[in-house]
> 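A single structure is presented below for examination.
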Amino acid sequence: MGGSPAFSHPIHVGSPNVGDRRRFLARIEDMLDRRWLTNDGPFVRELEERIARFAGVKHCVAMCNGTVALEIAIRALNLSGEVICPAFTFIATAHALRWQEIKPVFCDINPDTHNLDPEEVEKCITKRTTGIVGVHLWGRPCEIEALESLAERKKLILMFDAAHAFGCSRRGRMIGGFGQAEVFSFHATKIFNTLEGGAVLTNNDEVAGKMKLMRNFGFAGYDCVTYLGMNGKMNEASAAMGLTLLESFGELVDTNNRNYAAYRDGLKDVPGIRLVEYDQSEKCNYQYVVAQVDGGHCPISRDILLDALHRENVVARRYFYPGCHNMEPYKSSGEYAGLSLPATDRVASEVLILPTGTAITPTDIAEVCGIIRTVVHHAGEVVARSVSLGNKGREA
Ligand code: T4K
């Protein structure tokens, strides 16, 4: 370390999986030959059918991105007033609610799962609460059963932001069929991507019907608008990418799993750093490699480690620092004055996301782990030296 960076080109968190180019390009040729580029085209329909089957859910409504999919689901489910969600999530979860004139009520997480703490959720319920948006962070499902029984008891709508959880399961059931609806992001940075894209999965026929109208301006047929709609449609090139990546989804998961295991081995003896674990008895996509830097046991902070990695061209990320409650418009809004989310604040200051996916090799991972090991080890020696100097000073 010192001198030129360990990697000559940056290696990024979020570098996309691109799949089989020939199959993708053949589909693009078909699309051009057909001259059907968007608006409920054959690739979109095929993708919707395949995803619904894959997740064992009645309806998949494809959308142009995960954020619009969240907004459309929120409207279709008639959420209003206040909705409880975590602050430890991508800002889109909160913004989608606010964009629909709903107050996101930020609830603390369980520091072990990084997901909503159902007991804290109950404390956040007021007369204005209409629903709960759980987020399956890192693809690790929420405590769904506890949230379901709370929602039922309090007569609230329960939906999930499943942006990270494509291909994951909870107690053997695929994510997609829980709550009233589950929303996926198929953004380029996700294990399964459609360039930009997303979808809402639901078993509710009425909600699915509404969302199909809403994503297409409310058109129920030529010249016939029956609903307040917007443009949330997925295009055919995006669906072509989705169909192609779905064919190799198993291999993508295997690659992530291999990467995850390589990080786990490479970091196992580094003091104060541990990887967030996945439940091996469930289906997991391993799309996020999340290192947690424990301030009490690691001689350096997460942010110093982040700087060191960036200097070596490893573009690790601090998702989802500093938490939605510390970003605008929420931060400066009087509505959130005095809000205290200790678990969120602590976890947001400790996690570091490391690069994975098909763009990274086991050799790259060994190098990244070597950088982390060296930086932490070096800092540990400096701390030990200063402690011993301090002791000598006191003895003299
Ligand atoms: N809910 C949750 C819980 C989410 O995590 C997200 C999105 C959403 C809702 C909303 O879904 P979408 O509307 O996005 O479908 C990125 C993604 O843009 C975002 O989709 C994702 N979550 C979030 C976790 O990560 P940023 O702000 O980190 O993007 P950016 O531009 O910094 O790119 C991320 C990294 O990926 C960089 O290191 C560069 C790399 N990258 C990115 C792209 C697009 C590439 O190497 N190639 C690329 O083509 O948000």
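Each ligand, and each atom within it, is numbered from 1 in the order the structure gives. Numbers here are sequence positions counted from 1.
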> Mark up the atoms of ligand 1 that fall under 4.0 Å of a heavy atom belonging to Pro16, in ascending order.
45 (C), 46 (O), 47 (N), 48 (C), 49 (O)

> Using the ring-ring contact (aromatic ring centres under 6.0 Å, His included) rule, take Trp138 and Phe320 through it: C-alpha gap first, then chi angles, then the decisive distance, then the call.
CA-CA 11 Å; Trp138 320 131; Phe320 290 100; 5.5 Å; yes

> Does an N or O from Gly66, backbone or side chain, lie closer than 3.5 Å to an N or O of ligand 1?
yes

> Considering heavy atoms of the protein only, find what lies nearest to atom 32 (O) of ligand 1 and give residue, atom and distance to 0.1 Å.
Arg317 NH1, 2.8 Å

> For atom 2 (C) of ligand 1, what's the nearest protein heavy-atom neighbour? Residue, atom name and distance, please.
Ala163 CB, 3.4 Å

> Salt bridge or not for Lys127 and Glu82, using N-O below 4.0 Å?
no

> With respect to atom 6 (C) of ligand 1, which of Tyr288, Phe184, Phe186, Phe90 exhibits the smallest heavy-atom separation?
Phe90

> Do me a favour and list the nearest non-hydrogen protein atom to atom 42 (C) of ligand 1 with residue, atom name and distance?
Thr189 CG2, 3.7 Å

> Considering the heavy atoms of Ser185, write down every atom of ligand 1 situated less than 4.0 Å from one of them.
11 (O), 12 (P), 15 (O)

> Would you please determine whether Glu196 falls within less than 4.0 Å of ligand 1 on a heavy-atom basis?
no

> Would Arg302 and Tyr321 count as a cation-pi pair here, with the cationic atom under 6.0 angstrom from the ring centre and within 45° of the axis?
yes

> Could you tell me, atom by atom, which parts of ligand 1 come under 4.0 Å of a heavy atom of Phe320?
24 (C)

> Strictly less than 4.0 Å: does any protein heavy-atom distance to atom 29 (O) of ligand 1 fall in that range?
no

> Before accepting this row, confirm whether a basic side-chain N of the pair Lys331/Glu328 lies closer than 4.0 Å to the acidic partner's carboxylate O.
no

> Only heavy atoms of Asp161, strictly under 4.0 Å: list the atoms of ligand 1 that pass.
1 (N), 2 (C), 3 (C), 9 (C)

> Number the atoms of ligand 1 from 1 as they appear, then name those within less than 4.0 Å of a heavy atom of Thr89, with their elements.
3 (C)

> Please state which protein non-hydrogen atom is closest to atom 25 (O) of ligand 1 and give its distance, to 0.1 Å?
Tyr319 OH, 3.3 Å

> Closest by any non-hydrogen atom to atom 3 (C) of ligand 1: pick that one out of His136, His164, His187.
His164

> Looking only at protein heavy atoms, identify the closest one to atom 40 (C) of ligand 1 and say how far it is in Å.
Val13 O, 3.4 Å

> Is any NZ, NE, NH1 or NH2 atom of the basic residue among Arg346 and Glu350 found under 4.0 Å from an Asp or Glu carboxylate oxygen of the other?
yes

> In terms of residue, atom name and distance, what is the protein heavy atom nearest to atom 39 (C) of ligand 1?
His12 ND1, 3.7 Å

> Nearest 0.5 Å, what's the CG-CZ distance between Asn257 and Arg264?
8.0 Å

> Taking Arg23 first and then Glu247, would you say they form a salt bridge - that is, a charged N and a carboxylate O separated by under 4.0 Å?
yes

> For ligand 1, which atoms, with element, lie under 4.0 Å from some heavy atom of Ala92?
8 (C), 9 (C), 10 (C)

> Mark up the atoms of ligand 1 that fall under 4.0 Å of a heavy atom belonging to Lys190, in ascending order.
5 (O), 7 (C), 19 (C), 20 (O), 21 (C), 22 (N)

> Determine, for Arg274 against Asp294, whether the closest basic-nitrogen to carboxylate-oxygen distance falls under 4.0 angstrom.
no

> Out of curiosity, is Gly198 lining ligand 1, as in a heavy atom under 4.0 Å away?
no

> For atom 10 (C) of ligand 1, what is the nearest protein heavy atom, given as residue, atom name and distance?
Thr67 OG1, 3.5 Å

> Does any N or O in the side chain of Glu46 come within less than 3.5 Å of the main-chain N or O of Pro42, such that one atom is a donor and the other an acceptor?
no

> Is the cationic atom of Lys103 (NZ for Lys, CZ for Arg) positioned less than 6.0 Å from the six-membered ring centroid of Tyr336 and within 45 degrees of its normal?
yes

> Tell me whether the NZ or CZ atom of Arg98 lies within the 45° cone about the ring axis of Tyr330 and under 6.0 Å from its centre.
no

> Taking atom types as modelled, find out whether Thr189 and His187 have a side-chain donor-acceptor pair closer than 3.5 angstrom.
yes

> Can you tell me how far the OG1 atom of Thr244 sits from the CG atom of Asn17, to the nearest 0.5 Å?
12.5 Å

> For atom 41 (N) of ligand 1, what is the closest protein heavy atom, and at what distance to 0.1 Å?
Gly14 O, 3.6 Å

> At a 4.0 Å cut-off, with the gap strictly under it, does some heavy atom of Gly197 reach an atom of ligand 1?
yes

